[in-house]
Novice: 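Once you've had a glance at the structure underneath, I'll fire off some questions.
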Amino acid sequence: MGVSKIPPCGSDLPSYRGRFAPSPTGPLHFGSLVAAVASCLQARSQGGSWLVRMEDLDPPREAPGAADVILASLEHHGMAWDGPVLYQSTRNDAYRTALEQLTNDGYCYPCRCSRSEIARIARPGIAGLVYPGTCLAEPPGSDRDCAIRLRADAVIAVQDAHYGRLEIDLAHDFGDFVLRRADGLFAYQLAVVVDDAAQGITEVVRGADLLELTPAQVLLQHRLGLPTPTYLHHPLAAAADGAKLSKQTGARALGDGDPRPDLIDALAFLGQDPPADLRAARLEDLWLWAIEAWAPTRMPQERSASTPARYEM
Ligand code: GLU
C-alpha cells in the first residue's frame, strides 16, 4: 500500500515496531483480519514499522499453503509489511539456545505427565488447567520423551493499554507451563517471547484471547533478561456460539473480491465508525482515512463481539 508516516525528527524514543503473527492453520478470516488491521493501524499511525511473523511452529495443525494464502490476502487488503517475513519454522536454534539458558539458570524441569493424567488431577486456572507440579516434586528418572516446563512462581502485573491492569499469581492461577513439548516441538509461549525480542517489537497488538497468557510471557522475558514490550489487546471476533472465530468454528475465508467492505467491517468492529462515503473511496484513501482516524480508545471494552454474519459459513 506504500502508506507510512515518517517518524518525528530528533525523537530519542525507540521507534515503534509492531507485528502481526498469524498461525497458518487456514486462510485469513474476519477474526485474523481484525488483528492485522488493528496492529497495522497502531504501527502506521505512529510512523512505526509493521512486521509479519508466521507462527508455523506446529506442523500437525497447519494447512498446506496457508502461509502464502494469508500473505496474499494481506496484500490484497492493502497491507504491506516491513522487511522479510519471519518464519518460526526456521528459528529452532534460537529457541534451543533460550531453553538452554533457562535450564542452566535452574528455571526449568522435565515433565512426563500425559494430558489425561493432568486432566485427572489439575484444577482450572485462568487459562486452562493449573499443572500441579507432580514432576517437580518427583522428577522423572530420565529426560527422554519429556516435556520441559518453566517454574512459574511469581506474581506478575501487566498494564494492558486497552483493558487495564491485570495481575496474576502465576503459581496459583496459571501453573508451570510447557516450553518444549514431549514430541520435541517448541511451545508458542517460548517462541513468541524469543521472537518478539529478536524482532525488536516495542508493542504487541493482538486479540483479547491472549490477554491471560501475557503475564506468563512477561515472566519468561524476565527470566531470559529480555525487554518487555507494551501490550494492547483488542476485542475478539466471536463465532455465533460465542467461541473465538476460527476455521474450526466456521469462519469463512476472506475472498479475493473487493477488499473494501471487509476493511470497513473490520474498522467498524474496532469501533472506528467509518463514514458511509468510505465505501466508494479508493483502497489507498480508505487506508489514509483509517490511519488518520485510528483511536484504539474507541474500541469496545468487551472482550469479544459478534462477527457480521457474512463472514461465517
Ligand atoms: N499466532 C497467534 C494466533 O494466530 C497469535 C500470537 C500472538 O499474537 O502473540 O492466534
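Counting starts at 1 for both ligands and their atoms, in listed order.
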Novice: Between the candidates Q217, Q189, R19, which shows the shortest non-hydrogen contact distance to atom 7 (C) of ligand 1?
Specialist: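 Checking each option, the heavy atom nearest atom 7 (C) of ligand 1 is found in R19.
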Novice: With heavy atoms of R206 as the reference, note each atom of ligand 1 found under 4.0 Å away.
Specialist: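 Contacts of ligand 1 toward R206, numbered from 1: 7 (C), 8 (O), 9 (O).
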Novice: Ligand 1 versus M54, non-hydrogen atoms closer than 4.0 Å: side chain, backbone, both, neither?
Specialist: neither
Novice: I'd like to know if the side chain of T249 reaches the main chain of K244, judged simply by a donor and an acceptor atom lying under 3.5 Å from each other, with no hydrogens or angles considered.
Specialist: yes
Novice: Hydrogens and angles aside, do R298 and Q272 bring a side-chain donor and acceptor to less than 3.5 Å of each other?
Specialist: no
Novice: Among all the protein's non-hydrogen atoms, which is closest to atom 3 (C) of ligand 1, and how far away is it?
Specialist: S23 OG, 3.7 Å
Novice: What protein heavy atom sits nearest atom 6 (C) of ligand 1, and how far off is it?
Specialist: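 In this structure, atom 6 (C) of ligand 1 has E55 OE1, 3.2 Å as its nearest protein heavy atom.
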Novice: Classify the ring geometry of F30 against Y311: parallel below 30°, tilted from 30° to 60°, perpendicular beyond 60°.
Specialist: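 Judged by the thresholds at 30° and 60°, the geometry between F30 and Y311 is parallel.
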Novice: Establish, from distance only, whether the side-chain atoms of T214 and R206 form a donor-acceptor pair under 3.5 Å.
Specialist: yes
Novice: Does some non-hydrogen atom of K244 fall short of 4.0 Å from ligand 1?
Specialist: yes
Novice: Cut-off 3.5 Å, side chains only: do E203 and Y231 have a donor facing an acceptor?
Specialist: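 Judged by distance alone, the side chains do not pair up.
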Novice: Relative to the heavy atoms of V192, which atoms of ligand 1 are at a distance of less than 4.0 Å?
Specialist: 9 (O)
Novice: So does E167 pair up with R165, basic N to acidic O under 4.0 Å?
Specialist: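 Counted as a salt bridge, because a side-chain N and a carboxylate O are separated by less than 4.0 Å.
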Novice: Check L210 against ligand 1 and report side chain, backbone, both or neither, counting heavy atoms closer than 4.0 Å.
Specialist: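 The answer is the side chain.
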Novice: Just checking H172: does its NE2 atom have more than 12 heavy atoms from other residues, nucleotides or ligands closer to it than 6.0 angstrom?
Specialist: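 No, the 6.0 Å shell around NE2 holds no more than 12 heavy atoms from other groups.
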Novice: When you measure from atom 2 (C) of ligand 1 to each heavy atom in A21, P22, A191, which option holds the nearest one?
Specialist: A21
Novice: Do any nitrogen or oxygen atoms of Y188 lie less than 3.5 angstrom from nitrogen or oxygen atoms of ligand 1?
Specialist: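 Indeed, backbone or side chain, Y188 has an N or O that close.
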